[in-house]
Chemist: 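Handing you this structure, nothing more for now.
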Amino acid sequence: MDLTELHRLMLVARRIDEEAIALQRQGALPGYAPTKGQEAAQVGSAAALEKTRDFAFPNYRDLGVAVAMGVDLVGYLATHLGTWHGGLYDPAASRLAPFNAVVGGTVTHAVGWAMGAKLDDTGGVAITYFGDGASSQGDVHEAMNFAAVYRLPVVFFCQNNGWAISVPTERQVAGGSVAARAAGYGMEGVQVDGNDVLAVVEATREAVERGRAGGGPTVIEAMTYRMGPHSTSDDPGRYRTLEEEQAWAEKDPVARAAAQLPPEVVADAERHAAEVVREVREGVLALGDRPGEELFSFVYREPTKALLDQQRTWQESADV
Ligand SMILES: Cc1ncc(C[n+]2csc(CCOP(=O)(O)OP(=O)(O)O)c2C)c(N)n1
Ligand SMILES: [Mg+2]
């Protein structure tokens with residue numbers, strides 16, 4: 001994938017992100033976690049995957065991953081709409097797990113998947129997306145240790161965006177960096193400029209190839225910045241300075257890629273993104289409510305007695 005294509009995908013992510021915030025402000029989406037500033041990290045890393053064999057495990061802020069994986073964006077945003085648990089798209093076919101709102105939750109899932117891929121010898125590699133804050137969760141340490149001991153094909157892709165809500169990275173990470181921790185587990189660890197899309201593609205490709213060749217897991221720490229609020233209910237002005245925000249605005253990854261492309265290529269990408277936004281907006285607004293029974297349908301393959309009891313109680317008490 002060349003810079004023109006990568007920029008095109010990043011721009012779609014940027015414009016859909018803006019649209020999702022607008023939809024939240026208009027009351028259509030109950031809440032949303034803006035991704036602005038992290039497009040290069042997300043698009044660049046997902047672009048390095050093989051869409052037939054690999055599998056991505058995103059968190060709540062990874063719209064750019066969904067865009068680069070080619071997932072139906074109306075289906076993806078259905079999860080933010082809160083009417084459908086895992087989004088109205090097929091995770092198995094799309095190679096993109098439903099996004100996870102549990103901090104660090106993507107990491108254990110990816111390691112479990114990678115263990116399966118190794119046992120089945122599929123040649124597939126898992127990539128797990130998590131934040132600087134998530135990197136201090138106990139589950140993440142256990143998952144990294146397990147993956148390193150079993151030399152699993154997994155890429156631990158940490159987007160260090162400077163903040164875990166209002167807590168700065170230095171209060172989550174001692175010892176310099178998330179990447180530096182990799183040595184203690186016995187795996188490769190690299191830090192990359194997360195706002196340089198080509199550098200991210202390169203670092204991820206190398207890590208994916210290592211995993212595929214049996215070389216075990218890699219930690220990639222993509223240094224980036226959350227340019228917007230943590231979520232649509234957050235006000236970053238309460239915990240960080242305008243100077244800091246302005247300094248990072250200069251490093252905007254989408255503008256940086258655009259500056260290396262001819263103006264007509266950028267204009268064409270803008271037209272394309274505007275068209276995608278129009279379609280996605282219409283699609284999201286046309287999504288109706290889901291049947292209430294779906295709360296129970298997808299919990300287990302065979303429902304447990306406790307679940308059936310709950311369903312009965314719900315049916316008796318709800319006006320359904
Ligand atoms: C297990 C768990 N604990 C706490 C939360 C509340 N929470 C949501 S996001 C967040 C901060 C995560 O920061 P980071 O991992 O850096 O990711 P970022 O939001 O910056 O992308 C917290 C504490 C949660 N969702 N899950
Ligand atoms: Mg963070």
Chemist: Quick check: does any side chain N or O of Thr232 sit under 3.5 Å from a backbone N or O of Tyr32, one acting as donor and the other as acceptor?
Modeler: yes
Chemist: Working note: Thr224 + Asn161, criterion side-chain hydrogen bond (donor to acceptor under 3.5 Å, both in side chains); need CA distance, chi angles, decisive distance, verdict.
Modeler: CA-CA 5 Å; Thr224 183; Asn161 63 6; over 6 Å; no
Chemist: May I ask you to decide if Thr122's main-chain N or O and Asp120's side chain share a donor-acceptor pair within less than 3.5 Å?
Modeler: no
Chemist: Look at the side-chain heavy atoms of Ile, Leu, Val, Met, Phe, Trp and Tyr, link any pair under 4.5 Å apart, and say whether Leu88 and Phe298 land in one connected group.
Modeler: yes
Chemist: Say whether Leu29 and Val277 are linked into one hydrophobic cluster, either directly or through other cluster members, by side-chain heavy-atom distances under 4.5 angstrom.
Modeler: yes
Chemist: Looking at Asp139 and Gly104, would you say the former's side chain and the latter's main chain have a donor-acceptor pair under 3.5 Å?
Modeler: no
Chemist: Over all heavy atoms of both residues, which pair between Ala13 and Leu63 is shortest? Give the atoms and the distance, please.
Modeler: O-CD2, 3.4 Å
Chemist: Would Tyr225 and Val197 show up in the same hydrophobic cluster when neighbours are defined by side-chain heavy atoms closer than 4.5 Å?
Modeler: no
Chemist: Which residues pass the side chain to side chain contact (heavy atoms under 4.5 Å, CB included) test with Val254, sequence neighbours left out?
Modeler: His7, Met10, Leu11, Arg14, Glu39, Asp252
Chemist: If Ile, Leu, Val, Met, Phe, Trp and Tyr residues are connected whenever their side-chain heavy atoms lie under 4.5 Å apart, and connections chain through other members, are Val125 and Phe55 in the same group?
Modeler: no
Chemist: Kindly indicate whether the side chain of Leu73, heavy atoms from C-beta on, has any atom under 4.5 Å from the side chain of Val12.
Modeler: yes
Chemist: Do side-chain atoms of Thr169 reach the backbone of Gly162 as a donor and acceptor pair under 3.5 angstrom?
Modeler: yes
Chemist: What closest approach, in Å, do Gly133 and Ala164 show between heavy atoms, and which atom pair accounts for it?
Modeler: CA-CB, 3.7 Å
Chemist: Taking NZ, NE, NH1 and NH2 as the nitrogens, is one of them in Asp54 or Arg95 under 4.0 Å from a carboxylate oxygen of the other?
Modeler: no
Chemist: Using only atom types and a distance under 3.5 Å, with no angle test, would you say the side chain of Arg61 pairs donor to acceptor with the backbone of Pro34?
Modeler: yes
Chemist: Just so I know, are the side chains of Ser135 and Arg181 near enough to count as touching, which here means a heavy-atom distance under 4.5 Å?
Modeler: yes
Chemist: Determine whether a donor-acceptor pair (N or O, by modelled atom type, separation under 3.5 Å) exists between the side chain of Gln159 and the backbone of Asp62.
Modeler: no
Chemist: Which residues pass the side chain to side chain contact (heavy atoms under 4.5 Å, CB included) test with Thr241, not counting sequence neighbours?
Modeler: Glu243, Glu244
Chemist: Atom CZ of Arg205 and atom OG of Ser45: how far apart are they, to the nearest 0.5 Å?
Modeler: 11.5 Å
Chemist: Do side-chain atoms of Arg226 reach the backbone of Ile165 as a donor and acceptor pair under 3.5 angstrom?
Modeler: yes
Chemist: Could you go step by step and tell me if Gln24 and Ile21 meet the side chain to side chain contact (heavy atoms under 4.5 Å, CB included) rule?
Modeler: CA-CA 5 Å; Gln24 194 279 333; Ile21 296 167; 5.6 Å; no
Chemist: Do the side chains of Val280 and Glu19 get nearer than 4.5 Å, heavy atoms only?
Modeler: no
Chemist: Looking at every heavy atom in both Ala40 and Gly194, which two are closest together, and how far apart are they?
Modeler: CB-O, 3.4 Å
Chemist: Nearest heavy-atom pair of Pro153 and Gly211: which atoms, and what distance?
Modeler: CB-O, 3.6 Å
Chemist: Is there a side-chain contact between Asp193 and Arg256 (heavy atoms, below 4.5 Å)?
Modeler: yes
Chemist: Counting heavy atoms not belonging to Arg290, are there more than 12 under 6.0 Å from its CZ?
Modeler: yes
Chemist: Where does the angle between the aromatic ring planes of Trp314 and Phe296 fall among parallel (under 30°), tilted (30 to 60°) and perpendicular (over 60°)?
Modeler: tilted
Chemist: Between Val276 and Val67, is a side chain to side chain contact (heavy atoms under 4.5 Å, CB included) present by the stated rule, with each step listed?
Modeler: CA-CA 11 Å; Val276 176; Val67 170; over 6 Å; no
Chemist: Do the side-chain N and O atoms of Gln191 and Asn160 include a donor-acceptor pair separated by under 3.5 angstrom?
Modeler: no
Chemist: Under the 4.5 Å side-chain heavy-atom rule for ILVMFWY, direct or indirect, which residues accompany Leu152?
Modeler: Val107, Val111, Met115, Leu119, Phe130, Val140, Met144, Phe146, Val149, Tyr150, Val154, Phe156, Val173, Val178, Tyr185, Met187, Val219
Chemist: Would you say the side chain of Tyr60 lies within less than 4.5 Å of the side chain of Val103, judging by non-hydrogen atoms?
Modeler: yes
Chemist: When you compare the side chain of Thr128 with that of Trp113, does any pair of heavy atoms fall below 4.5 Å?
Modeler: no
Chemist: Between Thr35 (side chain) and Gln38 (backbone), is there a donor-acceptor pair under 3.5 Å?
Modeler: no
Chemist: Could Glu275 and Arg278 be called an ion pair, given the rule that one side-chain N must be under 4.0 Å from one carboxylate O?
Modeler: yes
Chemist: Just how far is it from atom CD of Gln315 to atom CG of Leu308, taken to the nearest 0.5 Å?
Modeler: 10.0 Å
Chemist: Once you round to the nearest 0.5 Å, how far does CG of Asp268 lie from CG of Leu261?
Modeler: 11.0 Å
Chemist: Begin with the C-alpha distance, continue with both residues' side-chain angles, and end with the deciding distance and a verdict on side chain to side chain contact (heavy atoms under 4.5 Å, CB included) for Arg212 and Glu50.
Modeler: CA-CA 11 Å; Arg212 214 183 297 293; Glu50 263 186 36; 3.7 Å; yes
Chemist: Asp72 side chain to Tyr89 main-chain N or O, any donor-acceptor pair under 3.5 Å?
Modeler: no
Chemist: Between Asp234 (side chain) and His230 (backbone), is there a donor-acceptor pair under 3.5 Å?
Modeler: yes
Chemist: Between Asp132 and Gln172, is there a side-chain donor-acceptor contact under 3.5 Å, judged purely by atom types and distance?
Modeler: no
Chemist: Would you sort out whether Met227 and Glu245 count as a side chain to side chain contact (heavy atoms under 4.5 Å, CB included), showing the intermediate values?
Modeler: CA-CA 7 Å; Met227 291 173 77; Glu245 291 184 357; over 6 Å; no
Chemist: Less than 6.0 angstrom separating the ring centers of Tyr129 and Phe99, yes or no?
Modeler: no
Chemist: Quick check for you: to the nearest 0.5 Å, what is the distance between Tyr76 atom OH and Ser94 atom OG?
Modeler: 12.0 Å
Chemist: Heavy-atom count around Asp289 CG within 6.0 Å, excluding the residue itself: above 12?
Modeler: no
Chemist: In terms of hydrophobic clustering (I, L, V, M, F, W, Y; side-chain heavy atoms under 4.5 Å; direct or indirect links), are Leu295 and Tyr300 co-clustered?
Modeler: yes
Chemist: To the nearest 0.5 Å, how far apart are CG in Leu9 and CD in Glu5?
Modeler: 7.0 Å
Chemist: Working to the nearest 0.5 Å, report the span between CG of Leu23 and CG of Leu81.
Modeler: 9.0 Å
Chemist: Looking at every non-hydrogen atom in both residues, tell me the closest pair between Pro58 and Leu96 and how far apart they are.
Modeler: CG-CD1, 3.6 Å
Chemist: Using a 6.0 Å cut-off, check whether atom CD of Glu202 has over 12 heavy atoms from anything other than its own residue.
Modeler: no
Chemist: If you take all heavy atoms of Gly186 and Ala148, which pair is closest and at what distance?
Modeler: O-CB, 4.4 Å
Chemist: Run the salt-bridge test on Arg15 and Glu270 with the 4.0 Å N-O cut-off and return the result as yes or no.
Modeler: yes
